[in-house]
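Residue numbering restarts at 1 for every chain, and letters A, B, ... go by the order of the sequence lines. Fair warning: this is a prediction, and the values are worked out from it, not measured in the lab.
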Amino acid sequence: GAGVSQTPSNKVTEKGKYVELRCDPISGHTALYWYRQSLGQGPEFLIYFQGTGAADDSGLPNDRFFAVRPEGSVSTLKIQRTERGDSAVYLCASSLTGTGDYEQYFGPGTRLTVT
Amino acid sequence: GEDVEQSLFLSVREGDSSVINCTYTDSSSTYLYWYKQEPGAGLQLLTYIFSNMDMKQDQRLTVLLNKKDKHLSLRIADTQTGDSAIYFCAERFGAGSYQLTFGKGTKLSVIP
């Protein structure tokens with residue numbers, strides 16, 4: 001069956017540019033998460049969507065980061081004025097619901113490199 | 001936030017058992033997870049344990065939880081070269097929560 005997909009798989013951009021990263025969750029999953037994994041680290045939570053709304057964006061590092069999920073399915077993570085420190089693998093996950101006994105299914109990630 | 005600690009590297013011979021350890025600091029953690037990450041791939045959930053359990057076994061995998069010491073371990077029996085990967089311990093703070101907090105991961109190398 002189709003899992004979580006993310007595009008692009010790799011993105012190289014210059015410092016100061018704007019990037020968009022896309023996540024397609026598993027069909028029917030209402031909850032969607034973004035995590036960031038820096039080199040040698042475990043994933044760190046960025047934002048959680050329940051349906052169309054961002055239920056918790058406390059993990060977003062600053063106001064250059066923004067995410068949307070307008071129709072409650074596909075989500076886009078947007079990064080403005082990219083900096084070299086934004087280089088990381090951005091992971092998306094989805095789950096059937098956001099609470100209770102559930103599993104978060106992860107996509108393969110988008111590797112972002114800011115030069 | 002709370003920390004999840006793991007040793008960074010483990011090397012074992014093919015056919016031996018591997019034991020990957022993890023400590024966590026928040027006693028209110030309800031769910032504890034083990035994820036596997038192979039090079040260039042996403043995270044794959046291997047198993048999880050609810051905090052009111054001491055042990056969970058699933059084929060070659062055994063998870064042990066010592067809630068008093070906040071210690072979690074993953075034992076892989078008959079380790080194979082295909083088990084070479086990074087293993088992450090993660091915790092979630094209750095049924096009403098959703099954030100996973102991950103450790104830095106343990107890189108398991110299996111020597112043929």
Side-chain angles (χ1 to χ4, degrees), chain A residues 2-10 21 23-26 29-51 53-61 88-111, chain B residues 1-9 20-26 29-53 56 58 63 72 74 85-108:
Chain A
V4 177
S5 62
Q6 293 185 245
T7 53
S9 55
N10 282 283
L21 312 179
C23 172
D24 274 280
I26 293 172
H29 280 192
T30 63
L32 184 146
Y33 317 80
W34 284 97
Y35 291 82
R36 179 167 72 173
Q37 186 176 18
S38 300
L39 191 64
Q41 303 293 317
E44 293 179 314
F45 170 80
L46 294 177
I47 187 169
Y48 156 61
F49 286 91
Q50 181 57 49
D56 184 352
D57 64 358
S58 63
L60 295 177
V89 176
Y90 289 82
L91 296 166
C92 177
S94 71
S95 63
L96 194 59
T97 64
T99 58
D101 186 2
Y102 68 88
E103 175 179 348
Q104 290 187 21
Y105 294 85
F106 282 81
T110 294
R111 182 176 298 277
Chain B
E2 289 72 18
D3 289 333
V4 178
E5 302 278 344
Q6 299 179 242
S7 54
L8 295 183
F9 301 99
I20 303 171
N21 294 300
C22 168
T23 57
Y24 59 99
T25 56
D26 194 318
S29 292
T30 305
Y31 296 92
L32 295 143
Y33 301 82
W34 284 104
Y35 280 85
K36 177 183 181 182
Q37 187 175 44
E38 295 179 272
L43 292 164
Q44 175 195 353
L45 179 65
L46 291 177
T47 186
Y48 69 91
I49 189 167
F50 189 61
S51 61
N52 66 355
M53 299 168 66
K56 182 177 181 181
D58 184 2
V63 178
L72 183 74
L74 174 69
I86 300 176
Y87 291 79
F88 291 94
C89 171
E91 60 180 344
R92 187 160 69 95
F93 303 122
S97 73
Y98 41 80
Q99 278 192 39
L100 294 177
T101 300
F102 287 85
K104 291 186 178 181
T106 299
K107 183 173 182 179
L108 175 64

Part of B:Y35 lying under 4.5 Å from any heavy atom of chain A
side chain
Between B:Q6 and chain A, with a heavy-atom cut-off of 4.5 Å, which part of the residue counts as in contact: side chain, backbone, both or neither?
neither
Heavy atoms only, distances under 4.5 angstrom: which of B:Q44, B:Q37, B:Q99 has the most pairs with chain A? Name it, please.
B:Q99
Give me the atom names and distance for the closest heavy-atom approach of A:Q37 to B:F88.
NE2-CZ, 3.3 Å
Are more than 12 heavy atoms from other residues, nucleotides or ligands located less than 6.0 Å from atom CZ of B:F50?
yes
Taking everything shown except B:K104 itself, do over 12 heavy atoms lie less than 6.0 Å from its NZ?
no
Could you tell me which portion of A:S9 (side chain, backbone, both or neither) has an atom closer than 4.5 angstrom to a non-hydrogen atom of chain B?
neither
Heavy-atom cut-off 4.5 Å, strictly under: side chain, backbone, both or neither for A:Y105 against chain B?
neither
Return the OH to CD distance between B:Y48 and A:E103, rounded to the nearest 0.5 Å.
8.0 Å
Checking the side chain of A:Y33 only, and the main-chain atoms of B:L100 only, is there a donor and an acceptor separated by less than 3.5 Å?
no
